[in-house]
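Shown next, in structure tokens, is the structure this report addresses.
Values reported hereafter were calculated over all heavy atoms of this structure, with side chains retained and with hydrogens, waters and symmetry mates removed. This structure is a prediction, so every number in the text was calculated from the model and none was measured.
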Amino acid sequence: MKLKRNLIYTVLLLNSLILINCKSEEKDLNNSEYSTSKSPSEVLSIIEESTITLGNGDYIKDIKDFTHEDYFYTVNDGEDWVIYKTPNSGGTTKNSSNTRSELRLKDEWIPENGGQLSGTLKVTHVSTNGDARVAAAYSVVVGQIHSKEGNENEPIKIFYKKFPGHTKGSVFWNYEINTKDDNSKRWDYSTAVWGYDMSVVGPESNTAPEEPADGIELGEEFSYVINVSDGIMELTFTSPGHETVNFSKDLLHTEFAAKEDLPKQITTLYASIGRDGTEMAHSYAGEIQYFKQGAYNQANGKDPEKNIVWNTGSDIYNGDLKKQYENGSYAEVWFKKASHKVNKASK
């Protein structure tokens, strides 16, 4: 009996020591291990070549040595990272109902000349609330090309999306047509990288589709390269433990010149709401473009006075930043590498 009691006491003591050690590690991780005094521009040189829009709507032109404790700062978990964080509801730009903490590269170019943007990142959080039937819910854009002219549409947006209750999320990219005639009829065609494309949604507002088998987890690193040369956009996506995936898209000649050219994905997602336009024959040829990178939250926080979002169903807590951050209503993206180069725009 005595031996048995001693054995029980020993097991209890070991368990207590393990719990104490785990709590100590958790305390160190949360309070000190990630702290750093570096500014984002000291970690990523691309930042000095950019401006930034923050999650409160502020637009900052000179961001060398700039940091913001709520939206744009650095951490170190053994490596230096720049964090872009933005709530579901906050300040937005004139042409969007989505918040962002996102760089806008100053250099501009046209597809015929080309440019390149790359990034190595991990998404650590997306909105944990929303309507599972809405394609943009639970997602964040981590890189894009934006046109400065004409319709000011986007030849590419790179998304990460994860449904609540899933361990793995999806990485996909969208091509937005450069709409012929009425731009209100524009649409995005979505292509899966790992996991699903944007068109895979839940059958009910609170029911997710099946978890993607080949998806990317929160906190799992991946990299992308967008390279445009002679009007052809080449994309490369890499992630440790995942297959490298490549794509190619012509930005000078459209595939979507007539109604019969619209993919089934578009007629399913958009046609019922009147977004069934066709694209100009020359696509984005000759239009000035620029790159964007960071966290462009897609959980549209449009109307804080009503505490609702008109389309994604995401919670916004009357636009209260603290409550949104406390209750999972935000997107957060960490970058440890980023670079770009362009061939200057000429016409």
Any donor-acceptor pair under 3.5 Å linking the side-chain atoms of [Y] with those of [X]?
X	Y	result
Asn129	Ser329	yes
Arg100	Tyr296	yes
Ser190	Asn174	yes
Asn297	Asn88	yes

>> Assigning hydrophobic clusters by single linkage (Ile, Leu, Val, Met, Phe, Trp, Tyr; side-chain heavy-atom cutoff under 4.5 Å), is Val171 placed with Leu117?
In response: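 In one cluster: yes.
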Please tell me if the side chains of [X] and [Y] come closer than 4.5 Å, counting only heavy atoms from C-beta onward.
X	Y	result
Glu260	Leu262	no
Leu121	Trp334	no
Glu279	Tyr284	yes

Please determine if [X] and [Y] form a salt bridge, counting it only when a charged side-chain N lies under 4.0 Å from a carboxylate O.
X	Y	value
Asp80	Lys336	no
Glu176	Arg186	yes
Glu154	Lys292	no
Lys122	Asp77	yes

>> Closer than 3.5 angstrom, by distance alone: can the side chain of Asp131 be matched with the main-chain N or O of Thr312 as a donor-acceptor pair?
In response: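 No, Asp131 side chain to Thr312 backbone: no donor-acceptor pair under 3.5 Å.
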> Is there a donor-acceptor pair under 3.5 Å between the side chain of Ser101 and the backbone N or O of Lys85?
Replying inline: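 Yes, Ser101 side chain to Lys85 backbone: donor-acceptor pair under 3.5 Å.
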>> Holding to side chain to side chain contact (heavy atoms under 4.5 Å, CB included), I want the full list of residues that pass it with Leu252, two or more places apart in sequence or in another chain.
In response: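 Once residues adjacent in sequence are excluded, the partners of Leu252 under the side chain to side chain contact (heavy atoms under 4.5 Å, CB included) criterion are Pro111, Glu112, Asp250, Ala285.
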>> Once ring pair (Phe, Tyr, Trp, His ring centres under 6.0 Å) is applied, what residue pairs with a partner in residues 191-223 remain, sequence neighbours excluded?
In response: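 Counting only pairs at least two positions apart or across chains, the ring pair (Phe, Tyr, Trp, His ring centres under 6.0 Å) contacts touching residues 191-223 are Trp194-His242.
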Between side-chain atoms of residues 43-53 and protein atoms elsewhere (two or more places apart, or another chain), which donor-acceptor pairs fall under 3.5 Å?
{"residue": "Glu49", "atom": "OE1", "partner": "His340", "partner atom": "ND1", "Å": "3.0"}
{"residue": "Ser50", "atom": "OG", "partner": "Ile46", "partner atom": "O", "Å": "2.8"}
{"residue": "Thr51", "atom": "OG1", "partner": "Tyr59", "partner atom": "OH", "Å": "3.3"}

> So which heavy atom on Asp107 is nearest to which on Trp109, and how close?
Replying inline: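 Shortest heavy-atom separation between Asp107 and Trp109 comes out as O-CD1, 4.2 Å.
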> Taking the inter-plane angle between the rings of Tyr224 and Phe237 on a 0 to 90° scale, is it parallel (under 30°), tilted (30 to 60°) or perpendicular (over 60°)?
Replying inline: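 The rings of Tyr224 and Phe237 sit tilted, inter-plane angle from 30° to 60°.
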> Can we call the ring centroids of Tyr325 and Tyr330 under 6.0 Å apart?
Replying inline: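 Yes - the distance between ring centres of Tyr325 and Tyr330 falls below the 6.0 Å cut-off.
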